[in-house]
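The figures here come from the full heavy-atom set of this structure, side chains too, leaving out hydrogens, waters and symmetry mates. First the proteins, then the strands, lettered A, B, ... as listed; each starts at 1.
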Amino acid sequence: MSRYPFKEAEAKWQRIWADQKAFEVTADERPTYYVLEMFPYPSGLLHMGHVRNYTLGDVVARYKMARGFNVMHPMGWDAFGLPAENAAITKGIHPAASTYGNIEAMKKQFAALGLSLDWSREFATCDPSYYRHQQAMFLDFLEAGLAYRKESSVNWDPVDHTVLANEQVVDGRGWRSGAVVERRKLAQWFFRVTEFADELLEALEGLERWPDKVRVMQERWIGRSEGARVRFAIEGRDEPLEVFTTRPDTLFGASFMAIAPDHPLATELATDQPALQDFIAECAKTGTSEEAIEQAEKLGFDTGLRCINPLIPDQRLPVYVANFVLMDYGTGAIFGCPGHDQRDLDFARKYGRPVTPVVLPPDADPETFAIGDEAYVGDGTIFNSEFLDGLDVPAAKRTVIQHLEEMGAGEGRITFRLRDWGVSRQRYWGCPIPIIKCERCGIVPVPKDQLPVTLPEDIELGKVGNPLDRHPTWKHVACPSCGGKAERETDTLDTFVDSSWYFLRFCSPHLSERPFDRSAVERWVPVDQYIGGVEHAVLHLLYSRFFCRALKRCGQLDIEEPFAGLFTQGMVCHKTFRDADGRWLNPAEVEPGPDGEMRAIADGRRVEVGRSEKMSKSKLNVIDPGPTIDAYGADAARLFMLSDSPPERDLEWTEAGIDGAWRYINRLWRLFAEAGTPAGVDLTEPDELSSEATELRRLTHKTIHAVSDEIERFHFNKAVALIREFSNRLESFDHDDPAAPVVLREALEALVKLMAPMVPHLAEELWQRLGHDTLLAKTAWPEADPAWLQEDEVTIAVQVMGKLRATLNLPKGVGKETAEAAALDDENVQRAIGGKPLRRVIFVPDKILNLVV
RNA sequence: GCGGACGUGAUGGAAUUGGUAGACAUACCGGACUUAAAAUCCGGAGGGCUACGCCCGUGCGGGUUCGACUCCCGCCGUCCGCACCA
């Protein structure tokens, strides 16, 4: 039995595609379509998540190509990042060497997948020819006020004298030194994302081809809330205490004030109050971990200060420093209204503060209504509140804000949860920030004609401190402004900056003087279809949206949204295995024993099989795509990725699944070997088609229509099912039918074209076997002829009282009376009716006839 | 706590707007081919019963409807995201 020689075939077609530059963008008038998958970090090893991601993108790219679009489907490398630096420390390889080595290795693995990528546009973000433009953008942002410097705290490793990224902090300790990490204030660079907070929020609505989930996540991340800033005078002090509140309508229910432990007022008071100092130190200790916050008790420290409620001049409110108030939201200070905020209520009960309700729930009695253990947060009628009494909550908010504005004690204010993006990283392997710090001139931008500021190559990693800072010469430069002694900024940019504009660079990847050609960008961007993991739902996607707006503000672009269509794929999962000692085992280290239980191959002991989880190094449930592709071929791996699971859901990797895909590929191979048209056979259409042949031709057109539709909707699993259904029918088609040479052949041609986006190598091979000497990759998608989509017979389900009792095959478009008569002829239907008179007959043409008795 | 998604055979999953539940696969069972196995091919299959038919069945309990996996109300469970956001 002949088997599909995938090794030869896949290598052959990959070579031919490359030789013919089949996937390079050409300059022509066809409509453009930009398909982009999130570019990879060059770890050196392709994993299953990549295979799924790039297969999904490849289906779209090849499909759109066949549909007549000028498709751009580029690939590059998100090449700066911490792992290269860590590898340098642990293995002693220079980050540049390991990164470029990894890129080479991964490119080979990519090649084996047979993706329709335009490699002529490839670049790596760690290349100075890329990051020089990023440095220029930084300077533009600086000039436009979109980049600025301020003090901010970082994770500081006191042993290694280095700043740590959040992921380098494990259980509050530095990943290498194991020392307890401290918070330290450093001057750092920020991008003013908040400048566009409103815009970024409002424009989400227009992103119709984004998953709702992602839009909701961004919406919550931006976190707009309407309220007011209110200033409370402090007894015996000139400066008032300003708070932010979304419930100014409850000001008459105020019971206390609270400020953050790191509020400037708290810091000031602490200088001569050791007890307060201790309290603040205690607050800083409570971790920021999820549980820590959940468990943490609400604690307050009475500063002794008293505030005056602007609406109740003789009321005195104690000012607490409280552990639950955040400095970086609002003003870092609140007023507590325990009647209508649960957290304030807990605090008030604990510290014996009065609880005055000011919102009366509907139907509650103002004389008896009291707050118990639960604050009342719903709508109602304001009471106990002088001039607000009788208003509902929204009206009271408006009224009180107006009142506060008139008396100068506050104003309506919108606050966002979104914060500016801190882009400084105290790392070596990143884009240098093009700034020079001069003792006399201050912060001086590197003149654009001196860009790029490149990284020094001779560095020592793994020593104490930032290698750029420690380098003997790199940072010492002359001030561009005064010529005096000055120092470079030794921080580098967050790698999220690199990925915030790479999709623009792909449009004109080799320009040296400019980051991109504006007309090229405006031709291709927004990306028509962006595909990647949902883990980037907020940061990467939000930053990219910010970047487009910032570049527009700087006059470089006229685009706001980078990605018109977004698809977030599910993860690739696998069962986990654990031996009796609790050690994780790789799937290759276990096998089923004679009793069907999984056993460790090494010692034959039983292993515990855990549920399917995302493949991860720590749980060892990782399948390397390399050997799989070696054993089954890229098409089998691709087909499995696309088969059963809908792309947005998690996919469980199974041996049976890849095996099934491989078997199907061989089945297709045999189908074409058996049904292929021998040379010299007459291909003219017979005068009349047998009903079988007619039915097959209909199925061909129906399948073309349905598969196209499912691909458009990203239902690739269903497209595969339809293709299988179609090929199953082809296998059983009678080869002796007089119309077989024509009808079967057209069916086979359609089948090859439909499967091409999924299993491109096999499809090319079969296309060639059908006698074509053109590339299938350059062949148009088949068209379904509407005339052949029409059925002339339909199956109508006959129900009696909503229960199925019979099905009828009737001519399409049959009338109600005819259908009813036919149904009443049916014995089974008659039995169900049981001689009762019909009360009602519901008829849905060509679908349902429901007899109600 | 807040927000979102999901819950269908042994398993992955189908079921355009409410209209024949279980497409297409995987695993399984039976048969053919084979010395044998693998591969391949053919057939079976939601559960039950008094089986050419009937009853039950889409997490649970109600409701709307001629008709509900689909819509509404109330629960339960799983997963994901955010999390002291005033």
All side-chain contact (heavy atoms from CB on, under 4.5 Å) counterparts of A/Glu411, not counting sequence neighbours: A/Arg229, A/Arg231, A/Glu242, A/Glu405, A/Arg413
Tell me, please, which residues at least two apart from A/Arg224 pass side-chain contact (heavy atoms from CB on, under 4.5 Å). A/Asp198, A/Leu201, A/Glu226, A/Ile414, A/Phe416
Letter per nucleotide, 5' to 3', of nucleotides 7-18 of chain B [B base touched, S only sugar-phosphate touched, - untouched; heavy atoms, 4.0 Å]: -----BSSSBB-
Provide a list of protein-nucleic acid N or O atom pairs under 3.5 angstrom, restricted to nucleotides 66-73 of chain B.
unit_1	atom_1	unit_2	atom_2	d
B/C66	OP1	A/Arg840	NH1	2.9
B/C66	O2'	A/Asn850	ND2	3.3
B/C66	O2	A/Asn850	ND2	2.4

Contact list for residues 637-650 of chain A, test side-chain hydrogen bond (donor to acceptor under 3.5 Å, both in side chains), sequence neighbours left out: A/Asp58-A/Arg638
Non-neighbouring partners of A/Arg343 that pass side-chain contact (heavy atoms from CB on, under 4.5 Å), sequence neighbours left out: A/Lys298, A/Phe324, A/Asp341
For B/G1 and A/Arg343 - does any side-chain N or O of the residue sit under 4.0 Å from the phosphate oxygens OP1/OP2? no
Name the nucleic acid region contacted by A/Val844, choosing base, sugar-phosphate or nothing; use a 4.0 angstrom heavy-atom cut-off, strictly under. base
Return the residues of residues 257-264 of chain A meeting this criterion: a heavy atom under 4.0 Å from some atom of RNA chain B. Order them by number, or give none. none
Residue set satisfying side-chain contact (heavy atoms from CB on, under 4.5 Å) with A/Asn809, at least two apart, ordered chain then number -> A/Glu793, A/Thr795
Taking Watson-Crick and G-U wobble pairs with both distances under 3.5 Å, convert RNA chain B into its dot-bracket string, 5' to 3', dots for unpaired and | for cross-strand pairs. (((((((..(((......[....))).(((((.......))))).((((...))))..(((((..]....))))))))))))....
List every contact pair, protein side and nucleotides 54-56 of chain B side both N or O, where the distance is under 3.5 Å.
unit_1	atom_1	unit_2	atom_2	d
B/C54	OP1	A/Arg805	NH1	3.3
B/C54	OP1	A/Asn828	OD1	3.4
B/C54	OP1	A/Asn828	ND2	3.3
B/C55	OP1	A/Arg805	NH2	3.4
B/C55	OP2	A/Arg805	NH1	3.1
B/C56	OP2	A/Lys803	NZ	2.8

Let's see if you get this right: which residues in residues 324-334 of chain A place a heavy atom under 4.0 Å from RNA chain B? A/Phe324, A/Val325, A/Leu326, A/Tyr329, A/Ile334
Not counting sequence neighbours, which residues clear side-chain hydrogen bond (donor to acceptor under 3.5 Å, both in side chains) with A/Arg52? List them please. none
